[in-house]
Structures are given as structure tokens and as C-alpha cells.
Amino acid sequence: IGTTYHKLNQFFKAVFYLGRSLEIRETILSPDDTLLSTTYSSLGMAYENLGDYDQAFFYFSKTFELDKKIFNIDQVSLFNSYTNIGRMYI
């Protein structure tokens, strides 16, 4: 639901539903599950679209740290995390 609201440019609703999704996922998934990384990234993008760059940076950083743990540091999978964090400095 959160992703759909994000695609509809309804970012406040996206943050609400993505936050709820994160609460559930943190309860039932392993701390190293890639779905958590995806949810952190989605929350970061929603906050970025709202202009809340501190929150966006927080979630992009969580994505980056989890991806570093899950994937080899040299893998292309970290590209999006680097890009998202870099955008916070533009």
C-alpha cells in the first residue's frame, strides 16, 4: 500500500503505510532480511520527496548499513545506497 501511495505522489500516506510495514517486518523477519533494506530505502525516498532530508538520510543510511552486511562491499547492490545518500548532499 505504501509503495502505491508513493507512486501516486501521496507521500504522507506512503510514509504512514511504509512505517507500518516496517514495524511488522522488524517483528517477523530476520534482522538481515533484504525486505528490511527495501523498506528502509522506500521510506527514505518518501521522506526525500516530502523534503525531510534528515529522515531520508536516516533511512538511506540504514539501507546502506544493512546492504553492506548482506552483500559483498564490492557488489553493484550497494550502488543505489551510495546514490541515495549522495543525493542528500546535493
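Scope of the values below: all heavy atoms of this structure, side chains included, with no hydrogens, waters or symmetry mates. Residues take their numbers from the sequence shown, with the count starting at 1. All figures in this text were calculated on a predicted structure; none of them were measured in a lab.
Phe60 contributes atom CZ, which lies 9.5 Å from atom CG of Leu43 (distance to the nearest 0.5 angstrom). Note that OG1 of Thr27 is 9.0 Å distant from CG of Leu22, once rounded to the nearest 0.5 Å. One distance of note links CD1 of Ile24 with CG of Leu35; it measures 12.5 Å at 0.5 Å rounding. Remark: Asp67 CG to Thr38 OG1 distance equals 8.0 Å, nearest 0.5 Å. Phe58 CZ to Tyr40 OH: the interatomic distance, rounded to the nearest 0.5 Å, is 7.5 Å.
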Begin with the C-alpha distance, continue with both residues' side-chain angles, and end with the deciding distance and a verdict on side chain to side chain contact (heavy atoms under 4.5 Å, CB included) for Asp52 and Phe11. CA-CA 11 Å; Asp52 189 341; Phe11 303 118; over 6 Å; no
Go through the steps for Glu65 and Lys62 under the test salt bridge (charged side-chain N to carboxylate O under 4.0 Å, His left out), then give the verdict. CA-CA 5 Å; Glu65 292 304 319; Lys62 287 183 77 76; over 6 Å; no
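Applying the salt bridge (Lys or Arg N to Asp or Glu O under 4.0 Å) test to residues at least two apart or on different chains, the pairs with a partner in residues 25-36 are Asp32-Lys69.
Taking all atoms of both residues into account, the shortest heavy-atom contact from Leu36 to Pro31 is CD1-O, 3.8 Å. Nearest approach of Ala46 to Leu18, heavy atoms of both residues: CB-CD1, 4.4 Å.
No continuous path of hydrophobic side-chain contacts links Leu50 to Phe16 [ILVMFWY only; heavy atoms under 4.5 Å]. A continuous path of Ile, Leu, Val, Met, Phe, Trp and Tyr side chains, each step under 4.5 Å between heavy atoms, connects Met45 with Phe57, placing both in one hydrophobic cluster.
Residues meeting the side-chain contact (heavy atoms from CB on, under 4.5 Å) test with Thr4, sequence neighbours left out: Leu8. The side-chain contact (heavy atoms from CB on, under 4.5 Å) test applied to Tyr17 returns Ile1, Tyr5, not counting sequence neighbours.
Using a distance-only test at 3.5 Å, with no hydrogens or angles considered, no donor-acceptor pair links the side chain of Ser41 to the main chain of Ser37.
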